[in-house]
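Excluded from the calculations below are hydrogen atoms, water molecules and symmetry mates; all remaining heavy atoms, backbone and side chain alike, are included.
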Amino acid sequence: MVPRSAVRALCATAAPRGAPRSVPGATPPPATGRGRGPRSSGPGPGSRPVPPPPPAVDFGDPREAFRSKSSAELLRGLLVLGLCAVEPLVEHNRELLQLGRRVLGRALFERLMKMTFYGQFVAGEDQEAIKPLIRRNRAFGVGAVLDYSVEEDLGPAPAGRQPQPSCTSAAEKERGGAEQREKKQHHAHRGSGSHRNGVASPRTYFYADEAKCDQHMETFLRCIDASSGSSEDGFSAIKLTALARPQFLLQFSEVLVKWRRFFHQMAVEQGQGGRTALEMKLEVEKLQEALANLGIATKAESQHWLTGENLGASGTVDLLAWNSLIDSRTKLSKLLLIPNTKTRQLEPLFSHFTEEEDQQMKRMLQRMDILAKRATETGVRLMVDAEQSYFQPAISHLTLEMQRRFNKERAIIFNTYQCYLKEAYNNVTVDVELSRREGWHFSTKLVRGAYMEQERERAAKFGYEDPINPTYEKTNEMYHRCLDYILEEIKHSQKASVMVASHNEDTIKFTLRRMMELGIHPSEKKVCFGQLLGMCDQITFPLGQAGFPVYKYVPYGPVDEVLPYLSRRAQENRGFMQRANQERDLLWREFKRRLFAGTIFSPNP
């Protein structure tokens with residue numbers, strides 16, 4: 001039996017859904033003639049004293065952008081960002097780093113790294129070493145999202161260590177690997193729970209054993225404590241693949257996707273195929289008849305489920321009510337048999353858990369609970385990073401479960417939405433609606449996404465539809481559409497917050513314009529901004545000095561152990577780095593200004 005807390009995490013299933021909105025700069029969806037539904041009550045802008053407007057933000061003034069930087073740091077930025085724009089160096093960065101370490105020796109190599117790439121993108125080796133940088137940034141209005149960035153190398157597994165343990169337990173091998181038969185996105189293909197597949201992927205933790213997961217949890221706890229001790233309103237970032245076997249996340253994701261697909265199939269059979277997911281409402285009588293005809297549940301059993309959850313009183317069940325049908329009182333082995341849409345044969349929605357696996361699941365949920373409680377106690381906000389799309393449904397909904405528990409009074413847990421995914425808008429709109437109905441604070445970080453190459457390679461390999469938007473422009477449209485939806489929610493409710501995590505100047509300007517149009521003042525701290533340490537200071541620092549909440553994503557860790565982080569960041573951001581001519585131009589202009597003004601060695605240039 002799956003634990004109740006685990007099952008509840010499955011209840012908020014994301015699906016293609018959400019009422020459409022018109023968004024400046026994006027193609028509006030077809031009108032449906034239906035509204036967004038009831039909103040949470042909250043004070044409107046007119047009911048509060050109106051603060052003075054924030055000063056204008058100039059992203060083209062190099063003196064203001066780099067006021068916090070020494071001249072040596074300007075030169076380092078020019079060198080490092082210039083090298084990051086050279087495609088062959090980025091493509092083979094891992095091999096070059098390994099070669100440099102062998103040729104120079106550890107001590108000299110680490111010194112060189114601290115003078116260049118490590119110094120540019122990493123704050124320091126430990127919690128004490130990062131404090132001067134955090135204090136300096138805070139003096140210029142810039143906060144921190146701490147991320148202890150020690151991670152497994154992304155190359156082949158060490159000799160004698162195979163990738164299979166990260167996705168296949170002994171019990172699963174006894175079952176014959178049934179999850180691996182169908183080559184679909186959320187099925188557990190061999191090795192898909194590991195990042196050791198010859199793909200230079202962003203971080204997914206390599207599962208060793210439960211003790212290693214406990215070590216990861218302790219690392220995250222220290223990071224939360226470091227954030228609490230370094231700033232008053234900081235964030236700490238965590239990855240859920242560090243807290244359990246990735247196979248669990250694959251299984252959860254498969255459950256969520258199948259459960260959503262079954263709801264849509266039932267809705268289509270009731271003649272609602274053209275509606276958005278939140279508009280679909282299954283008629284209870286027809287639903288009970290269908291469940292009985294398919295052999296899933298008798299009318300008496302389905303009536304018991306509906307009555308026990310206080311559902312169906314209006315004669316209909318919508319998606320969010322449908323999700324709540326799964327709980328620990330249900331015979332999962334029977335309830336979770338659903339028809340395959342192609343074969344029309346009943347198949348298990350979720351594989352049976354062995355006692356060992358059940359304990360592993362409980363321990364994962366306990367680790368999440370410990371982290372959330374520590375964040376609440378210390379006043380640190382917890383940022384749950386997004387990961388690959390075949391893990392993400394489970395990650396997102398485990399995060400929603402934490403938000404239900406810990407975001408009742410204020411925003412503590414932040415989910416992450418990747419806007420390069422085709423279903424990003426649908427996920428955002430349904431989760432916002434869930435937060436309205438249940439009365440907790442919706443809080444999120446919006447990113448474009450960092451897994452594009454790996455996602456497309458995997459989709460091609462296993463033969464399912466590419467989940468990524470086809471072009472960068474489509475991703476931009478999706479980002480602005482999701483962002484605008486959340487900004488309007490903030491305008492009408494005080495129970496929503498968003499971090500605009502973007503290096504795109506047009507997106508930042510779009511956000512500032514919409515905040516002004518909607519009457520959202522930066523002093524409300526409902527909208528904040530985020531950029532990576534070492535990148536786009538010409539965006540971060542002008543925002544901070546103008547009074548907007550803005551944060552640097554601050555990684556830290558020992559030099560040798562952070563090299564995989566540096567390697568993947570170079571891979572993730574190489575497209576951006578090649579286009580970062582403006583940042584390099586501003587750095588050069590500021591260096592020349594100091595040189596000609598005779599202030600190049602001044603502590604206050």
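You'll find the ring centres of Phe541 and Phe66 outside the 6.0 Å limit. Taking the six-membered ring for Trp and the full ring otherwise, Phe235 and Phe414 have centroids separated by under 6.0 Å.
Between Arg437 and Asp318, at least one side-chain nitrogen of the basic residue sits less than 4.0 Å from a carboxylate oxygen of the acidic one, meeting the salt-bridge criterion. A salt bridge does not link Arg405 with Glu401: none of the charged nitrogens is closer than 4.0 Å to a carboxylate oxygen. For the pair Glu64 and Lys69, the salt-bridge criterion is not met [side-chain N within less than 4.0 Å of a carboxylate O]. Lys495 and Glu489 are not joined by a salt bridge, as no carboxylate oxygen comes within less than 4.0 angstrom of a charged side-chain nitrogen. We find that Arg404 and Glu438 are joined by a salt bridge, their nearest charged nitrogen and carboxylate oxygen being less than 4.0 Å apart.
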Given Glu477 and Thr475, is the side-chain contact (heavy atoms from CB on, under 4.5 Å) satisfied, shown in steps?
CA-CA 5 Å; Glu477 289 180 13; Thr475 293; over 6 Å; no

Under the criterion side-chain contact (heavy atoms from CB on, under 4.5 Å), I'd like the reasoning laid out for Tyr551 against Val142: C-alpha separation, chi angles, the key distance, then a yes or no.
CA-CA 5 Å; Tyr551 296 83; Val142 178; 5.7 Å; no

Arg136 vs Glu73, test: salt bridge (Lys or Arg N to Asp or Glu O under 4.0 Å). Steps then yes/no.
CA-CA 14 Å; Arg136 182 175 63 171; Glu73 288 172 325; 3.0 Å; yes

Determine whether Lys474 and Met478 satisfy the following criterion, side-chain contact (heavy atoms from CB on, under 4.5 Å), listing intermediate values before the conclusion.
CA-CA 6 Å; Lys474 288 294 183 183; Met478 179 67 76; over 6 Å; no

Passes salt bridge (Lys or Arg N to Asp or Glu O under 4.0 Å), Arg514 versus Glu517? Steps please.
CA-CA 5 Å; Arg514 291 297 290 146; Glu517 293 171 351; 2.6 Å; yes

Test side-chain contact (heavy atoms from CB on, under 4.5 Å) on Glu505 and Gln582 and set out the steps.
CA-CA 10 Å; Glu505 186 175 317; Gln582 180 187 9; 3.0 Å; yes

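In terms of heavy-atom proximity, Asp537 sits nearest to Pro542 at O-CD, 3.4 Å. The nearest pair of heavy atoms linking Ile413 to Ala372 is CD1-CB, 4.1 Å. Annotation for Ser443 and Gln403: closest pair O-NE2, 2.9 Å, computed over non-hydrogen atoms. What you find for Arg594 and Ser70 is that their closest heavy atoms are NH1-C, 3.4 Å. Residues Val90 and Cys84 come closest through the heavy atom pair CG2-O, 3.2 Å. What you find for Phe220 and Ile238 is that their closest heavy atoms are CG-CG2, 3.7 Å.
Within the 4.5 Å cutoff, the side chain of Gln531 has heavy atoms near those of the Ile508 side chain. You'll find the side chain of Ser389 reaches within 4.5 Å of the side chain of Leu421, heavy atoms only. Using a 4.5 Å cut-off on side-chain heavy atoms (C-beta onward), Phe529 and Met499 make no contact. Annotation: side chain of Asp147 is not in contact with side chain of Tyr556 (no heavy-atom distance under 4.5 Å). Under the 4.5 Å side-chain criterion, counting only non-hydrogen atoms from C-beta, Tyr390 is not in contact with Ser253. Residues Lys509 and Arg513 fail the side-chain proximity criterion, which asks for heavy atoms closer than 4.5 Å. Phe548 has its side chain within reach of Val57: a pair of non-hydrogen atoms, C-beta onward, lies under 4.5 Å apart. Between Leu446 and Val500 there is no side-chain heavy-atom pair separated by less than 4.5 Å.
When atom types are taken as modelled, the side chain of Thr540 and the backbone of Cys536 share a donor-acceptor pair closer than 3.5 angstrom. Proximity of a side-chain donor or acceptor of Lys526 to a complementary backbone N or O of Val498 within less than 3.5 Å is not detected. With Glu283 contributing its side chain and Gln270 its backbone, the two residues share no donor-acceptor pair below 3.5 Å. Between the side chain of Thr378 and the main chain of Arg374, a donor-acceptor pair closer than 3.5 Å is present. For the pair Ser396 (side chain) and Gln392 (backbone), a donor-acceptor distance under 3.5 Å is absent. Side-chain N or O atoms of Thr429 include one that pairs as donor or acceptor with a backbone N or O of Asn426 at under 3.5 Å. Gln388 places no side-chain N or O within 3.5 Å of a backbone atom of Glu455 that could act as its donor or acceptor partner. In terms of modelled atom types and a separation under 3.5 Å, the side chain of His264 and the main chain of Met280 share no donor-acceptor contact. In terms of modelled atom types and a separation under 3.5 Å, the side chain of Ser435 and the main chain of Val432 share a donor-acceptor contact.
Between the CZ atom of Arg138 and the CD1 atom of Ile134 there is a distance of 9.5 Å, given to the nearest 0.5 Å. Between the CG atom in Leu371 and the NZ atom in Lys373 there is a gap of 11.5 Å [rounded to 0.5 Å]. How far NE2 of His441 is from CG of Asn407: 7.5 Å, rounded to the nearest 0.5 Å. Between the OG1 atom in Thr471 and the CG atom in Asn476 there is a gap of 8.5 Å [rounded to 0.5 Å]. In this structure, the separation between CG on Asn415 and NZ on Lys445 is 10.0 Å, given to the nearest 0.5 Å. Atom CG in Leu533 sits 10.5 Å away from atom CD1 in Ile130 (nearest 0.5 Å).
Each of Leu146, Asn137, Leu133 was compared with Lys552 under the side-chain contact (heavy atoms from CB on, under 4.5 Å) criterion, and only Asn137 meets it.
Atom CD of Glu409 has 12 or fewer neighbouring heavy atoms from other residues, nucleotides or ligands inside a 6.0 Å radius.
Cation-pi geometry between Arg448 and Tyr479 is satisfied (NZ or CZ under 6.0 Å from the ring centre, within 45° of the ring normal).
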